[in-house]
Amino acid sequence: MARLLYRLGFGAQRRRLVVVLLWLLVLGGTAVGAATLSGTTSGSFSIPGQESTTALDKISDEFGAGGGATARVVVEAPDGQKVTSPENAPKLAQLVQKLSALPGVTSASNPLDPRAPTVNADQDVAYSTVTYEAKPGDVTEEQRTALFDATRDAGGLTAEATGEATQAPPHVGGPAEVIGVVIALLVLAVTYGSLVLAGMNLLTAGVGVGIGALGVTIATGFMDLQSTTPILAAMLGLAVGIDYALFIINRYRHELRRGRDVGDAIGTAVGTAGSAVVTAGLTVVIALAGLAVVGIPFLTQMGVAAALTIIVAVLVAVTLVPAVLGYLGRRVLPRKQRTAPAEAAGEAGSHERGFFRGWIGVVTRNRVVALLLAVVGLGAVAVPVLSMETTLVAAPPAGSTQARAERMLADGFGEGFNGPLVVLFEGDNAAATAAATVPAIEGANDVALVTPPVPNADGTAAMVTVIPGSGPATAATEQLVTDLRDRLADVSGATTYVTGATAVSVDVAVALDEAMPVYLALVVGLALVLLVLVFRSLLVPLVGVLGFLLTIGASLGATVAVFQWGWLADAVNLDGTGPLLSLTPILMVGILFGLAMDYQIFLVSRMHEAHHHGRSPLDAIGTGFRQAAPVVVAAALIMFSVFAGFVPAGEGPMKSIAFALAIGILFDAFVVRMVLVPAALALLGEKAWWLPKWLRRLPTLDVEGAGLEEDRKELVDATR
């Protein structure tokens, strides 16, 4: 692989104009495609074939439900008054009339309609259901603004709006995200000692993430993607794009200091660091694409979209980066090093690693203590995982009109009103069977109200709405879903289904719990095989994977402590505490595993290279660490900055996912890879590089580029 990538990098810098123009052409093409072919994203999570999802589809077919997006405008009378009083009823009617005339609205129900009143028992809270012509996700910002403006002028009544039509799709590119990119630029500038080179690194990464994110945007015009998919792809693409370019640029500078000419240095950088980039990118792609084994379509789409963005980032790193380096030449070095002899330049670079020489010296001398501290420390941070709760029912931001509307509904109609469950009966005598089953439903724990059965037009189906006594994201309501299904399992005369937001959440959680062991076995197994091929060792990959398990535990524990317990909530601009999104654990496993193996490959490959060249195990650890650690630190700080930039202004589930990834990067890079792994390898000594004889026939992935040194002259002549 190193030889192939050497030729690719050398060829890219020789034909740099063609390479740059081709990438710009692809970027322009995807931008045009995104502007003309993009569609909308979905904010719902569901699994085809699950009971709750099947029931929703049947309800839509048999009752004509669904279609246009809806909003609930909740109205509350002043203290001591009623919405039905002579002075307030006309105000409510006027508000309904105003809602009916809003842009894109097809109807607005009258809360005082005697045929279907929507007023609470105390008559101080009522709501109107506003239906739009547009489907969920297609309601425009102007239409949402008009709705919110209408609620502000309710003639003395308090009016707030909630529902799917009020939810804006998540966005990328806010001030917080920009701050993350600026911090990444500063880290690069300090690492390189050049703002121009830092900007070049950021621009090449921007080309890759732009193509990847715009490609995902194009895909929204042809398939129903979840709303977090473009953000996840952009976040990952930007982070790894910067890091992959950093590793190649750093190796290129190293080769220039050794006295190589520009073309040879670029080819060598792509052949060595580029091999590590390709291998690391492959581990990330395996981890993300492996999400397909879970069997949840929207999760598969998220994983595949992010994996494709990673592939683009790798291609940019091994083609566009060397092409741009061809234009910069020796200007990537500080002025004093551009004309300095190779020995002097190399000596100048070595002085920069004094801190890391001291770091690795302390770790290897005190290897047992360092290993224990790392394991115990990460284990302590992981303790909150034991109380982790997950759900798909996301609460609206505190202080928003949606949160105020839901609070008014809960106060007026009960906590469970915001998360009703629906029982669907199918059969020739569906309505009669449903009516006979209502007493059994009412006997379940935490049931506040059961409505009379509502039959469809031909009498082959009937719906019963169950209002729980608890809120939609509570354990009591989740248990009620299970209890209802158990009670209805033996009903004769009709087929029964239980659905609703909480029921969908329960079904997704069950599917994720069943898929997690299979996913872990597949991803970890494939990555172990890949790492064995890279390092020609069994114990080095095992140490890396075990360290990753500690990373996952600690990052999930920290996320639970912040987002569920409320610790340091102000630091992340948290609106309110609650269960984590059900997808958070499996997404973290997929993303962090790939990124953790990135650092394992970049750091340990330099140690392996030193050991391959005859260094003792302890010396190889020190040499490899001093060479790779500065770049790994910079890469980790950059990735942390990018992920952390999505936290303060993050919306919905992306806030907690971005936090988990950011804190996971810190734990993995600075504790696992820079303390635990070197300490463990120092304890293992020569055994760390042991490989059974029966495995030595496996092909070798020459990530360190050992083959380049053996036939360099032949390669240089061939590429020229």
Is there side-chain contact between [X] and [Y], with heavy atoms separated by less than 4.5 Å?
X	Y	answer
I591	L661	yes
V466	V422	no
L520	M516	yes
L488	V423	yes
M463	P453	no
I586	L299	yes
V139	R144	yes
T53	D507	no

Worksheet item: For residues 97-112, which residue pairs qualify under salt bridge (Lys or Arg N to Asp or Glu O under 4.0 Å), counting only residues two or more places apart or in two chains?
Response: K98-D153

Practice prompt. With side-chain contact (heavy atoms from CB on, under 4.5 Å) as the test, would you mind laying out the steps for V125 and V83 before giving the verdict?
Written response: CA-CA 7 Å; V125 177; V83 293; over 6 Å; no

Discussion item. Centroid separation under 6.0 Å, is that true for the rings of F425 and Y497?
Written reply: no

Working to the nearest 0.5 angstrom, can you tell me the gap between [X] [atom1] and [Y] [atom2]?
X	Y	atom1	atom2	answer
E389	S582	CD	OG	11.0 Å
I286	L522	CD1	CG	8.5 Å
D411	D124	CG	CG	9.0 Å
L424	E51	CG	CD	9.5 Å
M408	T158	CE	OG1	6.0 Å
I467	L421	CD1	CG	8.0 Å

Worksheet entry | Sole residue of E406, R152, E76, R404 in side-chain contact (heavy atoms from CB on, under 4.5 Å) with E160 | R404

Just wondering, more than 12 heavy atoms not from [X] lying within 6.0 Å of its [atom1]?
X	atom1	result
Q97	CD	no
D113	CG	yes
D149	CG	yes
D486	CG	yes

With no hydrogens and no angle check, just 3.5 Å: does a side-chain donor-acceptor pair link [X] and [Y]?
X	Y	answer
T166	Q402	yes
T502	S505	no
Q123	T84	yes

Discussion item. Give me each pair satisfying side chain to side chain donor-acceptor pair (under 3.5 Å) with a member in residues 456-467, each pair once, sequence neighbours excluded.
Written reply: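 Those involving residues 456-467 are N456-D458, N456-T460, D458-T460.
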
Which heavy atom in [X] sits nearest to a heavy atom in [Y], and how many Å separate them?
X	Y	answer
G303	L291	CA-CD1, 3.7 Å
A55	T499	CB-CB, 3.7 Å
F548	V589	CZ-O, 3.7 Å
V385	G557	CG2-N, 3.3 Å
G493	T433	O-OG1, 3.9 Å
S109	P111	O-CD, 3.4 Å

Discussion item. For M588 and F593: C-alpha separation, side-chain torsions, deciding distance, then whether side-chain contact (heavy atoms from CB on, under 4.5 Å) applies.
Written reply: CA-CA 8 Å; M588 283 181 58; F593 183 79; over 6 Å; no

Practice prompt. Verify, without hydrogens or angle tests, whether D446 (side chain) and P468 (backbone) share a donor-acceptor contact under 3.5 angstrom.
Written response: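 Answer holds: no.
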
Worksheet item: Passes side-chain contact (heavy atoms from CB on, under 4.5 Å), V572 versus V562? Steps please.
Response: CA-CA 9 Å; V572 298; V562 173; 3.8 Å; yes

Worksheet item: Are T131 and V105 close enough, and set up right, to give a side-chain contact (heavy atoms from CB on, under 4.5 Å), and what steps lead you there?
Response: CA-CA 6 Å; T131 305; V105 171; over 6 Å; no

Worksheet entry | Salt bridge present between D483 and R487 (N-O < 4.0 angstrom) |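 Salt bridge absent between D483 and R487.
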
Worksheet item: Looking at residues at least two apart in the chain, or sitting in another chain, which of them share a side chain to side chain contact (heavy atoms under 4.5 Å, CB included) with L95?
Response: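 Here the qualifying residues are V73, V75, L99, A154, A159.
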
